[in-house]
Amino acid sequence: MSKPVDVSPSLETTEHVRDHCLCLAAQRAARSLARRFDDALRPAELTSGQFSLLMSLNQPSPPSIGSIANLLAMDRTTLTANLKPLERRGLLEVAVDPEDRRSRRLVLTNKGRRVLAEALPIWQRVHADIDQSLAPLDAGALRKGLRGLAG
């Protein structure tokens, strides 16, 4: 039988986890980045998540719900819940797949394209600022590492 691990309250243990936990570091960075983009995208009436979702629909042919869920690393139920407010605003439409009537395709509407056109320069500006703040690091390597962790 293995010896139980002591998890009694200890500032040393707490600080060790805080300073070494990749999951915590990624969560904190993701929240901070999301807040920064949320604030910047407010004039376009989008959140960072909504911007990413709409941008994922910006393809030559309408993608399936499953492909977008996979791209955004969301389960289909969560994606469907996130689609509803954008659909109500007329930024996207959910259409029957003409090749498989059981499947649905996500269509970016003209209004959705206009909102993306308004939001993209905002995203580019904020993204350039973030890349510049990461200049001492290799931002490309960071992105590659994060994509690797995401699967």
Side-chain angles (χ1 to χ4, degrees), residues 7 13-151:
V7 289
T13 301
T14 300
E15 289 174 343
H16 176 81
V17 171
R18 178 200 65 202
D19 296 341
H20 292 87
C21 181
L22 288 172
C23 185
L24 175 61
Q27 288 170 336
R28 291 182 72 205
R31 288 184 191 111
S32 177
L33 285 169
R35 274 192 305 274
R36 191 165 175 180
F37 279 101
D38 286 348
D39 290 344
L41 290 166
R42 193 166 286 117
E45 298 181 28
L46 291 176
T47 66
S48 59
Q50 290 171 331
F51 173 82
S52 295
L53 200 162
L54 288 175
M55 189 55 70
S56 73
L57 305 183
N58 190 35
Q59 301 183 29
S61 55
S64 68
I65 288 178
S67 69
I68 296 302
N70 187 50
L71 174 73
L72 298 176
M74 277 184 187
D75 61 71
R76 291 170 67 102
T77 304
T78 302
L79 175 58
T80 299
N82 282 277
L83 291 171
K84 290 191 184 304
L86 298 172
E87 187 178 17
R88 281 192 298 271
R89 285 181 57 194
L91 305 181
L92 64 88
E93 295 174 353
V94 180
V96 174
D97 186 333
E99 295 176 18
D100 180 355
R101 304 214 34 91
R102 298 168 297 171
S103 295
R104 300 291 177 262
R105 296 278 173 174
L106 300 173
V107 180
L108 187 60
T109 64
N110 287 335
K111 183 177 180 183
R113 289 185 195 290
R114 285 192 300 273
V115 169
L116 270 182
E118 178 186 349
L120 185 58
I122 297 167
W123 177 89
Q124 289 169 323
R125 179 181 41 80
V126 174
H127 204 276
D129 291 347
I130 292 168
D131 270 354
Q132 187 169 2
S133 73
L134 292 172
L137 305 172
D138 181 351
L142 175 59
R143 279 188 275 279
K144 183 177 179 181
L146 291 170
R147 281 192 300 271
L149 286 172

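The figures here come from the full heavy-atom set of this structure, side chains too, leaving out hydrogens, waters and symmetry mates.
Side-chain contact check for Pro62 versus Leu57: every heavy-atom pair is 4.5 Å or farther apart. For the pair Val94 and Leu106, the minimum side-chain heavy-atom distance is below 4.5 Å.
Expressed to the nearest 0.5 Å, how far NE2 of His127 lies from CD1 of Ile130 amounts to 6.5 Å. Atom CZ in Arg104 sits 13.5 Å away from atom CD in Glu93 (nearest 0.5 Å). Note that the CE atom of Met55 and the CG atom of Leu72 stand 12.0 Å from one another [nearest 0.5 Å]. Distance check, rounded to the nearest 0.5 Å: CZ of Arg143 to CZ of Arg147 gives 7.5 Å. Note that CG of Asp19 and OG1 of Thr14 are 10.5 Å apart. Values are rounded to the nearest 0.5 Å. The distance from the CD1 atom of Ile65 to the CE atom of Met74 is 12.5 Å, given to the nearest 0.5 Å.
Ring planes of Phe51 and Trp123: parallel class, angle under 30° (limits at 30 and 60°).
Not a single donor-acceptor pair under 3.5 Å links the side chain of Ser32 to the backbone N or O of Ala29. Between the side chain of Thr109 and the backbone N or O of Gly90 there is at least one donor-acceptor pair closer than 3.5 Å. No donor-acceptor pair closer than 3.5 Å links the side chain of Asn70 to the backbone N or O of Gly66. No donor-acceptor pair under 3.5 Å is formed between the side chain of Asp38 and the backbone N or O of Thr47.
Annotation: salt bridge (charged side-chain N to carboxylate O under 4.0 Å, His left out) contacts involving residues 73-92, sequence neighbours excluded, are absent.
For the salt bridge (Lys or Arg N to Asp or Glu O under 4.0 Å) test, residues two or more places apart in sequence or in another chain that qualify with Asp39 are Arg42.
Across Val115 and Ala44, no two heavy atoms sit closer than the pair CG1-O, 3.9 Å. In terms of heavy atoms, Leu108 sits closest to Leu91 at CD1-O, 3.4 Å. Looking at every heavy atom in both residues, Ala40 comes nearest to Pro43 through O-CD, 3.1 Å.
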